Amino acid sequence: MTSIQVFHLKKYFKVYKRNSGILSALGSFFNRKYEIIKAVNDISFEIKQGELVGFIGPNGAGKTTTLKCLSGLLWPTKGKIEVLGYRPFDKQTEFLKKIALVMGQKNQLWWDLPAIETFRLNKEIYEIGDKNYQEILEELIALFDVKELITIPVRQLSLGQRMKMELIASLLHKPRVLFLDEPTIGLDVVMQKKMRDFIAGYRERFNSTILLTSHYMSDVKSMCKRVIIIDHGKLIYDGNLENLIKEYADTKVISIDLEGRIDLKEFKIFGEIKSGINGKIILSVPRKFAPEIATTILKKYQVEDLDIEDPEIEDVIRLVFEKNKK
Amino acid sequence: MKKYLILIRNSFSEYFAYRLNFFLWRVRVIAIILINFSLWQAIFRQNKVVFGYDESQILTYIIFISILSGIVLATRTERVATEINMGILSNLLIKPIHYFFYNLSRDLADKVINTCCSFIEIALLITVINPPVILQNNPFWLLSFIMTSIVASLLYFEINMLLSSVAFWSKETWAPRFIFFILVNFLAGMYFPLDIVPQGLYRILEYLPFTYLIFFPLKIYLGNITIVFLIKGLIISVVWSVFLWWLMIYVWKKGLKIYTSEGQ
């Protein structure tokens, strides 16, 4: 069953331009100049119910704008969107009850009150039954380990603590479609891992559709099979993450642990030397020759350990963007 | 319905987080009453009747502005423009809650607190200065006063929401609001009863919504009016509130289409 359908979505913004300096400020008072920014420029995709998709792109690529269009905050300039059979911008109550948009920098919490007051309000807004509310609240509180914090005024919490509260507030109504914009921002490494496990577990348990953006590639790598890559408002890749690596990365990374002294120059013939410290060498070699090169190294040198891996996802994505520029 | 009750409760609690702000705001309200009060007292030292009003009527008018400010002018809608400009509005738009009712609930909390405070302040003022105040005991005028105050609150809410909607089109919402407040203070009758102005000007004011914010309910409280005045005023204010409600929704829908959700 299709959960999200996007056909030829375009979202343009009219942006007011002004140069620096008093004179130009004065000039712009009489003659304002505008520029049209094509934040999202004709993208189409479909997501099935229960899929977890990573939405990747550099800053300003149009990721957040797309999420905002999908959750009904922005009126699309052109194109058609359907989420769970609804047109998001209509903001029908039944639609809003089934979705959630979690933004890293967002603040839905009542600043001067403890987070529990926001949770109680959300319970009523989403009409969550007492039993359901208690169950999910306890589960989320335990997951994020915030039992002591929910009664402290939000303004006294740290960024990471507030982020956890934001997430709890957004998940209380168990949304069927979840838009996550940088869900791990502000969280420490341990919490990031917990968060990832939670998101993956949440999808499995409720068969929810999740579309997430993240700057941390480890988020994407550990959770998403499918990725959608956009740049300058255009869709440049939509498919399996593994295929992306195969398609774009024509190299493999060989990591070698050697015994004794070595001469780094000798390894130049195999490929590009990424690093070489204390007997540990990382080489980037052509994908099709990787097995042969590894065999040669094993024969020629005293090797303690050797690994052949795909390049880091960050490097692959960089390649994708570079190719797109050309 | 319960969601709006919790909203009102949260708004109450929020108030007490900034007690000093609130206290100083009340001091400002009392100061304005006292200034107006001494000004009019000075005028009445020379004359028994001024512009058709005797001393007790004018002083009652001035003192009761405090209560009516609580009922009508207390609002939190000034936040709406910031919420639009900063993108905070997004947090509310993605929730199954009616944004206008959300604001009305916040306003209700504000009105209850301010009105309660003004009752206490007035009781204190009356005890300390003992001015000749008219305490209306005719149930018909009291009921009409309450009814027209509710219409006035709705009118003020609609005007404020319309002013805040400017934020969809411009970042500069402070100036229109500032000018509006100066206008309201004069056109609504915050300084003096509006019917003391020249007849020609009053004929125009009668057809503006501002007259029905302060002057009209207070005039009814004082009671020395005709039924025709009451019915005519009610018709004009209700027509305005229906029209402004429609306009508010129309402008809001237009605004949402160009809303950029910036900053979030």
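Every chain is numbered from 1 and lettered A, B, ... according to where its sequence line falls, protein lines coming before strand lines. Only a predicted model underlies this, so the values are computations on that prediction, with no experimental measurement involved.
Using a 4.5 Å cut-off between heavy atoms, A:K14 makes no contact with chain B at all. With a 4.5 angstrom heavy-atom cutoff, A:L121 touches chain B via backbone and side-chain atoms both. Neither the backbone nor the side chain of A:F95 comes within less than 4.5 Å of any heavy atom of chain B.
For chain B, the option among A:L74, A:T93, A:I125 with the highest count of heavy-atom pairs below 4.5 Å is A:I125. Per-residue counts of heavy-atom pairs under 4.5 Å with chain A were compared for B:L92, B:L7, B:L89; the largest is that of B:L7.
Looking at B:L256 and A:W75, their side chains never come closer than 4.5 Å, going by heavy atoms from C-beta outward. Residues B:R9 and A:E117 form a side-chain contact, since some pair of their non-hydrogen atoms from C-beta on lies under 4.5 Å apart. Here the side chains of B:K257 and A:F89 are in contact, with some heavy-atom distance below 4.5 Å.
Across all their heavy atoms, B:I94 and A:Y126 have their closest contact at O-OH, 3.8 Å.
A donor and an acceptor atom, one from each side chain of A:N122 and B:K95, are located under 3.5 Å apart.
Rounded to the nearest 0.5 angstrom, B:N10 CG and A:D112 CG are separated by 11.0 Å. With rounding to the nearest 0.5 Å, the separation of CH2 in A:W110 from OG in B:S11 is 4.0 Å. Distance check, rounded to the nearest 0.5 Å: OG of B:S90 to CG of A:L73 gives 4.5 Å.
Under 4.0 Å is where a charged nitrogen must lie from a carboxylate oxygen, and between A:E127 and B:K2 no such pair does.
Remark: side-chain polar atoms of A:K91 are not paired, donor with acceptor, to backbone N or O of B:L93 under 3.5 angstrom.
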